[in-house]
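A short write-up of the structure that comes next.
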Amino acid sequence: MPLSQDSLRKIDRELAKYPADQRQSAVIAALTIAQDHYGWLSLDAMDEVAKYLGVPAIAVQEVATFYNMFAIKPVGKFKISICTNLPCALSGAERAALYLKEKLGVDFTETTGDGQFTLIEGECMGACGDAPVLLVNNKRMCSLMSPERIDALLDELK
Ligand code: FES
């Protein structure tokens, strides 16, 4: 199933932000749109983006495999990335990560049996003062994630 017309229109809007000979500048935005459409980025999806942008496939693969906001393997409906970098680790992130693992019954990079949740170890999200912090599907940041707040989040997402 190729990218939808809506997705292609969104990519066109991103392309319009750059000079015509700089289509590679839209790679991150186009991959984000493709990931929203497919849920993750297969090699086929990366190739589709590369063809649409008219850039080498390797240029797209390099970006998709570099940034951890891009999932290059199938993930659950909700990808939860919890930051465990040092400032967060010193403020309870390790405990929060352990709580999430126990609650979901998965380790990092694993997906729950019902396909709902994938747990990822994230990098600094620039919100160290609000630790522990996590991101849902790369877009929604959740701060000060105590066990009670994690319970509430998971209940809401289910
Ligand atoms: S170290 Fe976790 S948000 Fe910065």
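Just follow the structure's listing: the first ligand is 1, and inside any ligand the first atom is 1. Heavy-atom basis, side chains included; hydrogens, waters and symmetry copies ignored.
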Over 12 foreign heavy atoms within 6.0 Å of OH, Y18: yes
Is it the case that over 12 heavy atoms from other parts of the model lie below 6.0 angstrom from the NZ atom of K77? no
Hey, is the main chain of L3 close enough, under 3.5 Å, to the side chain of E48 for a donor-acceptor pair? yes
Name all residues meeting the salt bridge (charged side-chain N to carboxylate O under 4.0 Å, His left out) criterion together with K103; count only those two or more places apart in sequence or in a different chain, and write none if there are none. D151
Run the salt-bridge test on K51 and D47 with the 4.0 Å N-O cut-off and return the result as yes or no. no
Do T112 and D114 have a side chain donor and acceptor closer than 3.5 Å? yes
Just the protein N/O/S atoms under 2.8 Å from atom 4 (Fe) of ligand 1, please, no waters. C124 SG, C128 SG
